[in-house]
Amino acid sequence: MLELDKKLWERDKILKIFSKGDWTSPDTCIILYCTLNLVKELIEACIDNNERCILLFDGTKGELPSLYYITKIVTYLVGINQLISAGVNFSVVFASKEKIGFFLPNILKVYSPARPLLIANTKEELKDFD
């Protein structure tokens, strides 16, 4: 399932989004939309405060969602594209090349990010973004 880590939110406006647990649970879809709605609310709060945030998609832990859930996530992001444009500075995908090698290029064929999307395969590459 999709989860949020808001440890860096208050101070740095960095929202870490990651996968945890099982994507086959019967309530996965409900939890997914609750999480995505919370992401939307946090972006809206940034806009209301004339701030921008950073979305960090951490693919180093947990399972990748199935294509079914990836499609739902991408569709949701497309639906809030204007909010992302106004409230997000950039997004970072952090995962090994092996883990995202097949999925990310295919996702980017159907989803054009509203803001810059940076890709880091190692912690060293992630540190270079600051």
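What you see below is based on every heavy atom in this structure, not just the backbone, and it leaves out hydrogens, waters and symmetry mates.
A distance of 12.5 Å separates NZ in K6 from CG in L8, rounded to the nearest 0.5 Å. Considering CD1 of I84 and CD of Q82, their distance stands at 10.5 Å, rounded to 0.5 Å. In this structure, CE on M1 lies 12.0 Å from CZ on F18, to the nearest 0.5 angstrom. Atoms SG and CG, from C46 and L83 in turn, are 11.0 Å apart once rounded to the nearest 0.5 Å.
The minimum heavy-atom distance between F90 and V92, with the atom names listed, is CE1-CG2, 3.5 Å. Pairing each heavy atom of I47 with each of G87, the nearest pair is CG1-CA, 3.7 Å. Taking every heavy atom of both residues into account, T71 and T75 meet most closely at O-OG1, 2.7 Å. Counting all heavy atoms, side chain and backbone alike, I70 lies closest to P65 at CD1-O, 3.4 Å.
In this view, K13 satisfies the side chain to side chain donor-acceptor pair (under 3.5 Å) rule with no residue, not counting sequence neighbours.
Under a hydrophobic-cluster definition in which Ile, Leu, Val, Met, Phe, Trp and Tyr are linked whenever side-chain heavy atoms come within less than 4.5 Å, directly or via other members, L38 and I17 are assigned to the same cluster. Criterion: ILVMFWY side-chain heavy atoms under 4.5 Å apart, direct or through other members. Under it, W9 and I80 are part of a common hydrophobic cluster.
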Going by atom type alone, with no hydrogens or angles, which donor-acceptor pairs under 3.5 Å involve a side-chain atom of residues 20-37 and a protein atom two or more places apart or on another chain?
{"unit_1": "D22", "atom_1": "OD1", "unit_2": "T24", "atom_2": "N", "d": "2.9"}
{"unit_1": "D22", "atom_1": "OD1", "unit_2": "T24", "atom_2": "OG1", "d": "2.6"}
{"unit_1": "D22", "atom_1": "OD2", "unit_2": "T24", "atom_2": "OG1", "d": "2.7"}
{"unit_1": "W23", "atom_1": "NE1", "unit_2": "S19", "atom_2": "OG", "d": "2.8"}
{"unit_1": "W23", "atom_1": "NE1", "unit_2": "E63", "atom_2": "O", "d": "3.3"}
{"unit_1": "S25", "atom_1": "OG", "unit_2": "D27", "atom_2": "OD1", "d": "2.5"}
{"unit_1": "T28", "atom_1": "OG1", "unit_2": "S25", "atom_2": "N", "d": "3.3"}
{"unit_1": "T28", "atom_1": "OG1", "unit_2": "S25", "atom_2": "O", "d": "2.8"}
{"unit_1": "T35", "atom_1": "OG1", "unit_2": "L2", "atom_2": "O", "d": "3.2"}
{"unit_1": "T35", "atom_1": "OG1", "unit_2": "I31", "atom_2": "O", "d": "3.0"}
{"unit_1": "N37", "atom_1": "OD1", "unit_2": "Y76", "atom_2": "OH", "d": "2.5"}
{"unit_1": "N37", "atom_1": "ND2", "unit_2": "Y33", "atom_2": "O", "d": "3.1"}

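By the 4.5 Å heavy-atom criterion applied to side chains, C53 and L15 are not counted as neighbours.
In this structure, the side chain of N49 does not engage the main chain of E51 through any donor-acceptor pair within 3.5 Å. A donor-acceptor pair under 3.5 Å is absent between the side-chain atoms of D12 and the main chain of I14, judged by distance alone. No donor-acceptor pair under 3.5 Å is formed between the side chain of R52 and the backbone N or O of I43.
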